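Computed over heavy atoms, backbone and side chain alike; hydrogens, waters and symmetry mates excluded. Residue numbers begin at 1 in each chain, while the letters A, B, ... track the order of the sequences. Note that the structure is predicted; figures quoted are calculated from it, not measured.
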Amino acid sequence: MAQQSLTLTPTARPVVRQNSELSKMLRQITRNPLSIVGIFLVLAFVAVAAFAPVIAPTPEGARDPYIIPRDGFKAEPQPPSAEHPFGTTEGQYDIFYGVVWGTRTAFLAGLLIVAIALVIGLTVGSLAAYFGGWVDDVLMRVTEIFLAFPFLIAALTLAAVLQPKLGRGLYTGIIALVAFGWMGYARLIRGDIFSTKEREYVLAAHSLGVRDWRILVRHILPNAIFPVMVVASLEIGTYVLSFAALSFLGLGAELGYADWGQMLALSRNWITNLSRYWYIVVFPGVALLLFVLGWNLIGDAIRDIVDPRLRGTK
Amino acid sequence: MTRYIIRRLLFLPLILFGVTILIFGILQLLDPAERAALYVKDVPKNPNAVKQVIQKYGLDKPIYQQYADWIGKVVRGDLGWSRTAQRPVTEAILYYFPATLELALLSILPIILGGVFLGVQAAVHRDKAIDHSARVFSMIGTSFPSFVFALLMLMIFYANLQWFPPGRLSDEMTRVVNDPSFHQYSGMYTLDGILNARADVTADALRHLFLPVLTLAFINWAIFVRVTRTSMLDVLNQEYVRTARAKGLKESVVVNSHALRNALIPIATLGGLVFIGLLNGVIITETVYNFRGMGWFAANAALRLDVISVLGITLFSAALLVLANLVVDVLYGFLDPRVRVS
């Protein structure tokens, strides 16, 4: 009897199987030179973000380290110098300081957007898949309605509506992007759960009388979540790009906040003289480009590994 | 196939209804006074007058009644008054849309041709230098923030070389097209220039379109390279391609007329989707180049917190997206017999 209940007890076996898949994936990634460049770029940005206070110390008496220190109030940007290695942008904000601390903003925005969107997507998708029937129908129609909106226009609209309520800040942009960014995850997890739902260990849990929500949270989600997590984590780069775009359009962080998109927005008034003021575009622009490129390179490698059509065709 | 189309068509009103509900929901985040711009041109400043406006247009009525009033107006094509454009929102959208359509039409060809060319090269030379460089090139394109790329292009081609200025037309040509003797048949200046026998207008319009088209092509190539490459590799592994090779056909014939033709099916769908995306989402490119189309209008309205305009644009774009997706799906069915059967 004791033995029988042992075999019926839902085990963690599938998770173990995925761990070996994960390590196989990691091995394959590290063989691809492009993804190594990607990993290197992302790690470099992690280091810059972690050591921001050392690389670009906050001047004493500053009320918020994320506000870029200003050297005067003149409008015209100043070229790189010993004091300002990357020069200063419009309004004498120090570009070097902004680029370094902007790394933190990028990670914060990217991680928060993906994490919240993931939670919403997981909730909607798993409820739809687990209960099926009319719950599934309703939730999936709602998902389709959100998908009917062009992403950036919808986010722009919501940010414009929220800005007077919440004030200008990071969170307006983050909320706007989350609101129209969760649908993909909902659909993915729904598909995964549908395929996990009929596995033996879930049926076993059912027959043991485990409650619905517990089966969902303890048995199904941990095994269905893996592909969605991979997709989501790789979208951090894309979301940082969208967030920077909102900032660039003036719907992001407050003025002077260390944020790449906004620093690029400050260069728009100097377009006709950009040959002279190249540094106000190039430094924050390259930072943003390399950040997104790093994530995309890793993502590209993983997509190749995951795409079954390309597996074993060599 | 017919049944599939009918089912999709039946579904359409439901989705559009949901879209209007969501937009109406966002509208409810605004104060009644702000919402008054849906109905009146100049929302009065004085509180008593505001109250009158609110009462007159029922902005304090129960919410379902307000929705009914609003949707009635929307169906009649009335989206309220745009503060940004100083004209009704619907009129403003119709005024700015041709510019966006022109940009999208001129961009889609270089995007598809360039992307497919690179993708085929990458697939044929799989894991060789060409493959790697095509992928690196397209990877950089996809990671390049469009506004950074656009600013760099302006820096080089406008600030330094003075070749390609921002905007839609030069001042001189703007005077020409606004002259009553110039008929604006389509609102697309390249076409209108030809129809009015004014090659100088067309040339000037093309000069202004060059950088936006280049930007859109560069950032969109990656996805075509990826899909073409995957699709080509898929097809090149199939038996009929091996048969073609075994028959002794030249490799270029095998690649171009046997493999590519089947590999093009997913590319055609993607082309449709990207084209729809161009119609809806060129906000950044249009804004940086000061190219006054829908995206430029949306960005400016959002910056001025002119929510009535932005929501009007969103509604228009969402409706366009839903309809266009349907068209793409149906075309896909015609293109690929396998879809029709299932």
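Residue with the most contacts toward chain A among B:Ala222, B:Ser143, B:Ala301, B:Ala302: B:Ser143 (heavy-atom pairs, distance under 4.5 Å). Between chain B and the options A:Leu290, A:Leu297, A:Val161, A:Thr238, the largest number of non-hydrogen pairs under 4.5 Å is found for A:Val161. If you tally non-hydrogen atom pairs under 4.5 Å between each of B:Leu236, B:Thr314, B:Asp306, B:Val307 and chain A, the highest count goes to B:Thr314. The candidate from B:Leu22, B:Leu16, B:Ile26 with the greatest count of non-hydrogen atom pairs under 4.5 Å with chain A is B:Leu22. Taking B:Met155, B:Arg304, B:Gln162 one by one and counting their heavy-atom pairs under 4.5 Å with chain A, the maximum is reached by B:Met155. Across A:Ala154, A:Ala244, A:Gly294, A:Ala265, the residue that shares the most heavy-atom pairs under 4.5 angstrom with chain B is A:Ala244.
Residue A:Arg268 forms a side-chain contact (heavy atoms from CB on, under 4.5 Å) with just one option from B:Leu154, B:Asn290, B:Thr287, and that option is B:Thr287.
Proximity to chain B (any heavy atom under 4.5 Å) is restricted, for A:Val282, to the side chain, taken from C-beta onward. Heavy-atom distances place both the backbone and the side chain of A:Trp278 under 4.5 Å from chain B. With a threshold of 4.5 angstrom between heavy atoms, B:Phe144 approaches chain A through its backbone and through its side chain. With a threshold of 4.5 angstrom between heavy atoms, A:Leu251 approaches chain B through side-chain atoms but not through N, CA, C or O. In this structure, chain B has heavy atoms under 4.5 Å from both the backbone and the side chain of A:Phe149.
With rounding to the nearest 0.5 Å, the separation of OG in B:Ser146 from CZ in A:Phe248 is 8.5 Å. Put simply, OG1 on B:Thr142 and CG on A:Leu293 are 10.0 Å apart, with the number rounded to the nearest 0.5 Å. Taken from CD1 in B:Ile140 to CG in A:Asn296, the straight-line distance is 11.0 Å, to the nearest 0.5 Å.
Around atom OH of A:Tyr171, no more than 12 heavy atoms belonging to other residues, nucleotides or ligands sit under 6.0 Å away. The environment of A:Phe40 atom CZ is sparse: at most 12 non-hydrogen atoms of other residues, nucleotides or ligands sit within 6.0 angstrom. Within 6.0 Å of CD1 on B:Ile223 lie no more than 12 heavy atoms contributed by other residues, nucleotides or ligands.
Side-chain contact between B:Ile283 and A:Leu249 is present, with at least one heavy-atom pair separated by less than 4.5 Å. Here the side chains of B:Phe149 and A:Leu289 are not in contact, with every heavy-atom distance at 4.5 Å or above. Side-chain contact between A:Leu152 and B:Ile284: present, with at least one pair of heavy atoms (C-beta onward) separated by less than 4.5 Å. At least one side-chain heavy atom of A:Leu288 sits under 4.5 Å from a side-chain heavy atom of B:Phe147.
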Please test B:Leu321 against A:Leu147 for side chain to side chain contact (heavy atoms under 4.5 Å, CB included), starting from the C-alpha separation and ending with a verdict. CA-CA 10 Å; B:Leu321 188 67; A:Leu147 278 169; over 6 Å; no

Hey, mind stepping through A:Ile153 and B:Phe316 against side chain to side chain contact (heavy atoms under 4.5 Å, CB included) and telling me if it holds? CA-CA 11 Å; A:Ile153 288 196; B:Phe316 176 81; over 6 Å; no

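What you find for A:Leu156 and B:Ala298 is that their closest heavy atoms are CD2-O, 3.8 Å. Closest approach of A:Gly250 to B:Leu303, counting heavy atoms only: CA-CD1, 3.8 Å.
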